[in-house]
Amino acid sequence: MDERYEPAAVEQLAQQHWNENRSFVARENFSGQSLDAEAQLSKGKFYCLSMFPYPSGRLHMGHVRNYTIGDVLSRFARMQGRNVLQPMGWDAFGLPAENAAIANGVAPAKWTRENIAYMKKQLQALGLAIDWEREIATCDPSYYRWNQWLFLRMREKGIAYKKTGIVNWDPLDQTVLANEQVIDGRGWRTGVLIEKREIPMYYLNITAYGDELLGDLASLEGWPERVKLMQANWIGRSTGCEVNFPYAPQTRELMGKDATLKVFTTRVDTLYGATFLAIAAEHPLALAASTLDDGLKTFIDECRRGSTMEADVATMEKKGRPTGYHVTHPFTGKLMQVWVANYVLMGYGEGAVMGVPAHDERDFAFARKNNIKIISVVRPLQGNYEKGSPDAINAEWCDTYGEHGITFNSGEFSGLAFEAAMEAISIALEQRNLGRKRVQFRLRDWGISRQRYWGCPIPLIHCEHCGEVPVPEIQLPVVLPEDLVPDGSGNPLNKTPSFWQVPCPTCGKSARRETDTMDTFVDSSWYFLRFPCANNLSAMVDDRVNYWLPVDQYIGGIEHAILHLLYSRFWTKVMRDLDLVTVNEPFSKLLTQGMVLNHIYSQQPSEGRRAYFNPLDITEEQLDGQKNYFAKGLGGEPFRVSYDGLGTMSKSKNNGVDPQILVEKYGADTARLFMMFTAPPEQSLEWSDEGVQGAYRFIRRLWKVVYEHVSLGVISAHIHNHTGSLSTAQQNLRRTTHQTLTRVTDDIGRRRTFNTAISAVMELLNAVIKFDDRSPQGRAVTQEALEIATLSLSPIIPHVCHTLWYSLGHSTHLIDMPWPKIDNAALIQDSITLMVQVNGRLRGQITVASDADEATVRATALAEPSVCKFFSTALVKKVIVVPRKLVNVVV
RNA sequence: GCCGGGAUGGCGGAACUGGUAGACGCGCCUGACUCAAAAUCAGGUUCUGGAAACGGAGUGUGGGUUCGAUUCCCUCUCUCGGCACCA
């Protein structure tokens, strides 16, 4: 064993051993319908999956964190005797490749594949226990052909269908922009005002699975509650009522037809309080009205220019304009104005809402602003409204107005509680054919068409004669040409006739291939189903998928808590309904890791875009009691920049730390140890350069302690280790060793708090250093402590432990070792220390036999001098004894 | 705006089921080694009064429940993630 710890050499040695032995290649042990004997004997499979990365060019710290967590759990499970699969792949389609093409003129395919090659090397340098033989990239035709194949199956079943959708249109570049490419309503490259366009798109009917996606959340016991809650709120199932408001006579005349305006409401109990209707700018009625009124047309155009992002809609000023149309109240027949309002979205419900100012905060504000009548029809369950009736002229909104209460002022439906009112009114509406009870989801169908090049082609052909024709299965995959270079002016596929000029599969006449590609969420919605069968070229999945699925542990960023996870659950259920998989849910356990944060420094130049500076290039100075920050200019002269707080590491904020530098300087083990030690996995992690040094120091200390121990000659842990023959100090170290093992086993296996597992081993190492007993018994106890430290750290810092294991005298390989066993005999303690409080304040401590009864504990506590000086025994009211923890004397 | 998290020393964090607040690490201070520095080792380090013994205060804010609250309940503030075309 070398005296010095040389990470590069140690890591190369371990990785070489794993590679030569193909240590991480997973085997199914699967033959036909039943598992073979070997698999039955083992403790079962463990499919451990970390979210696959987008190949952006270089690994970032979030990746290191994500993949280290997965690796620790994989290696731990392996030591516990599980058959482990830990695969890796690439989420390889997407916008950044097109942006790189625009910036550098390099083809997205080339850029992406080069990035994959580089990042793969980086991942391998981290020593992850990955089965690279199952690697997949979503941009490979052998992968995305199954996107296309399944899309066609969905289309046959009506799950995939076509309707129009709204996109951001840059009129100068003649191109569709993603939301992130629209900044303050303008195109990111052109700076011109963005327009909305309604174009035909393909949708997946995820709302048809709404009830199941919601209901099955309950079965996901291994998921964090907060993620399930977020998904449930996102799905947003609500029971309500559809109400049809008949057109008023003069509106019937204007429209030239007799019809109703349909709305959806969850508060039909407030129907008598409805005083107006509000419709979305895209609503057909709004469009009809705009032809008669130029002012309205201007307003509608303005609304349609506005953002459709929920966050923007919710915060913008609520504006509206009357259409001039009227409808009548279904029960009272009163005339009601129809308004166009910018806060009503066409995509939700019916694109129209009934306005009940007295009982809805948004309607209240709208009515006040536009002088619309306010009528209260629900009173609180108890008492009266605190600030008077909401329809008082000067009333301010208060939340009680929106509560469920008792109806009044509602004709025959007065005096009913919420549920009863909902029921009675909806039945009455149904009888009049003017409405019905209905379930509505907040969840919308999933639009998957993208007017972009770097994605999976949608396998359809448009023929003038035959309409929309699916590409025949035999012709799949529709291969994306890889030599095109987007220039920002629309999808280059549209300019490539060799791609879109095809004969119609049905009639053979000249036809046009669909040039839209699929949302990249499609690619990531089933990749976990492909890993088990990655080498199957003739089917999307095979029986192996049912051996490995569900994923036993899924690990990924909290930012994916809703969309990616919901789409994956949906896709899995669709595949189940097509008899392709048997599982209902793809992921049994989910660990949502927090983001990796770093400081952000920036400066706003007099013109142009804000410039961001890497924290490494920032110097700090105290000036007038305030911190000032400086970056260096091109000539080396410092200039002041502003500090913008903490944010996730990102290219755009220039606050990333390159893990490569870390690995080169300290080695992969230090990088892994730091990431696991600094924060528990679910919390966000603040970057700290000093912390890395600390991790490195710990590994060197561990190395040194083992070195000093083995220089005295190797000794077996099993010799001289019988509790009876050990000194108190020796017994104490053995107890610490097995207490540490107990903690680490629980911390990694159940709690997934790697930081506390590591600190437990640090404490053990500190105890070993203090112990320093060179007697044969002492050295055997030390040997045991160091072996357990090495084994229990091996999932976290596998390379250095690989070498230390040999150094400790073993000829076996660490990677083949099982998790060590806890020796319960070593844990036994004769006496324990209890805290003693007086009136809840800590006043002293006592030591009692560990099996002392309550009376003894009580007596010892009351006799303790540091305690009884705070009271006179006669005044003791109560003594609370918490077994094995504390005594509280109440006086 | 809505939905979901978070807030504990100079810093990252620990305290798992309501029972010793600050484990472990970083940083800093003192000392040892050294011509010196780095590295390493030993000791100290929540604030505050005190020479010490021993007290007082203290887990974002304000309130509540309890013998006892970082932990449970309510209020507010700040902050992070998501909001459907970033992935």
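Only heavy atoms go into these numbers, but all of them, side chains included; no hydrogens, no water, no symmetry mates. Since this is a predicted model, take the numbers as computed values, not measurements. Sequence lines set the chain letters: A, B, ... in the order given, protein chains first and strands last, and positions in each chain run from 1.
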Check: Taking syn as any angle within 90 degrees of 0 and anti as the rest, which one fits B:G81?
Finding: anti
Next item on the list: Remember a base hit wins even if backbone is also touched, and classify A:R743 as base, sugar-phosphate or nothing at under 4.0 Å, heavy atoms.
Entry: nothing
Margin query: Considering every strand and a 4.0 Å limit on heavy-atom distances, what is the contact class for A:L443: base, sugar-phosphate, or nothing?
Written below: base
Check: Which of the following nucleotides, B:A84, B:U20, B:G81, is nearest to the side chain of A:R444?
Finding: B:A84
Next item on the list: Report which part of the nucleic acid A:H560 touches: base, sugar-phosphate, or nothing (heavy-atom distance under 4.0 Å, all strands).
Entry: base
Next item on the list: Would you classify A:F698 as touching base, sugar-phosphate or nothing, given that sugar-phosphate means primed atoms plus P, OP1 and OP2, and contacts are heavy atoms under 4.0 Å?
Entry: nothing
Note to self: OP1 or OP2 of B:C26 versus the side-chain N and O atoms of A:Q693: is any pair under 4.0 Å?
What the structure shows: no
Item checked: Pairwise P distance, B:G82 and B:A57 [rounded to whole Å] -> 43 Å
Next item on the list: Just call it for A:W234: base, sugar-phosphate, or nothing, with non-hydrogen atoms closer than 4.0 Å on any strand.
Entry: base
Note to self: Less than 4.0 angstrom between a side-chain N/O of A:R751 and OP1 or OP2 of B:A15, yes or no?
What the structure shows: yes
Check: Looking only at side-chain N and O atoms, does A:N755 come under 4.0 Å of OP1 or OP2 in B:C24?
Finding: no
Checklist line | A:F93 and A:W454 aromatic ring geometry - parallel, tilted or perpendicular at 30°/60° bounds | finding: perpendicular
Item checked: Pairing partner of B:C28 (Watson-Crick or G-U wobble, both distances under 3.5 Å) -> B:G44
Next item on the list: Return no unless some side-chain N or O of A:T520 is found under 4.0 Å from OP1 or OP2 of B:A87.
Entry: yes
Check: To the nearest angstrom, how far is A:L673 atom CG from B:G12 atom C1'?
Finding: 14 Å
Notebook entry, point to check: Looking for any heavy atom pair under 4.0 Å, which part of the strands does A:M316 touch: base, sugar-phosphate only, or nothing?
Noted result: nothing
Next item on the list: Could you tell me whether A:V167 contacts a base, only the sugar-phosphate backbone, or nothing, with contacts defined as non-hydrogen atoms closer than 4.0 Å?
Entry: base
Item checked: Any A:R700 side-chain N or O less than 4.0 Å from OP1/OP2 of B:U40 -> yes
Margin query: Does A:P53 reach a base, just sugar-phosphate, or nothing at all? Heavy atoms under 4.0 Å.
Written below: nothing
Next item on the list: Assign each of A:L95 and A:F677 to its nearest nucleotide of RNA chain B by heavy atoms, then name whichever residue's nucleotide is nearer the 5' end.
Entry: A:F677
Check: For atom C1', what is the distance between B:G22 and B:A32, given to the nearest Å?
Finding: 29 Å
Notebook entry, point to check: Using a distance-only test with no angle check, is there a side-chain donor-acceptor pair under 3.5 angstrom linking A:R569 and A:Q231?
Noted result: yes
Notebook entry, point to check: When you check the side-chain N and O atoms of A:W526 and A:N147, is any donor under 3.5 Å from an acceptor?
Noted result: yes
Checklist line | B:C72 and B:G55, which share atom name P, separated by this distance in whole Å | finding: 31 Å
Next item on the list: For residues A:I796 and A:L673, determine if any side-chain heavy atom of one lies less than 4.5 Å from a side-chain heavy atom of the other.
Entry: yes
Check: Between A:R697 and A:Q683, which is nearer to the 5' end of RNA chain B once each is assigned its nearest nucleotide?
Finding: A:Q683
Next item on the list: Assess the side chains of A:T207 and A:D445: does a donor N or O sit below 3.5 Å from an acceptor N or O?
Entry: yes
Note to self: Considering every strand and a 4.0 Å limit on heavy-atom distances, what is the contact class for A:N179: base, sugar-phosphate, or nothing?
What the structure shows: sugar-phosphate
Check: Among B:A23, B:G1, B:A21, which nucleotide sits nearest the side chain of A:Q837?
Finding: B:A21
Note to self: Can you tell me how the ring of A:Y67 sits relative to the ring of A:H63, calling it parallel under 30°, perpendicular over 60° and tilted otherwise?
What the structure shows: parallel
Notebook entry, point to check: Can you tell me if the side-chain N/O atoms of A:N233 get under 4.0 Å from OP1 or OP2 in B:C83?
Noted result: no
Notebook entry, point to check: Which part of the nucleic acid does A:T138 contact within heavy-atom distance under 4.0 Å: base, sugar-phosphate only, or nothing?
Noted result: nothing
Note to self: Could you tell me if A:D91 and A:S524 have a donor-acceptor pair between their side chains, going purely by distance under 3.5 Å?
What the structure shows: no
Item checked: Pair partner, B:C54 [Watson-Crick or wobble, under 3.5 Å] -> B:G49
Check: Touch check for A:L229, heavy atoms < 4.0 angstrom, all strands: base, sugar-phosphate only, or nothing?
Finding: sugar-phosphate
Note to self: Need one value for A:A561: base, sugar-phosphate or nothing, where a base atom within 4.0 Å counts as base even if backbone is also close, heavy atoms only.
What the structure shows: nothing
Check: The side chain of A:E310 lies closest to which of these nucleotides: B:C86, B:G27, B:C83?
Finding: B:C83
Next item on the list: Could you tell me whether A:R701 contacts a base, only the sugar-phosphate backbone, or nothing, with contacts defined as non-hydrogen atoms closer than 4.0 Å?
Entry: sugar-phosphate
Notebook entry, point to check: If only side-chain N and O atoms of A:R226 are considered, is one of them under 4.0 Å from the OP1 or OP2 phosphate oxygen of B:G6?
Noted result: no
Notebook entry, point to check: Should B:A84 form a Watson-Crick or G-U wobble pair with both distances under 3.5 Å, which nucleotide is its partner?
Noted result: none
Notebook entry, point to check: Which nucleotide, in any strand shown, forms a Watson-Crick or G-U wobble pair with B:G60, with both distances under 3.5 Å?
Noted result: B:C76
Notebook entry, point to check: Counting just side-chain N and O atoms, does A:R841 come under 4.0 Å of either OP1 or OP2 of B:G55?
Noted result: no
Note to self: Over all strands shown, is A:M201 touching base, sugar-phosphate only, or nothing at heavy-atom distances under 4.0 angstrom?
What the structure shows: base
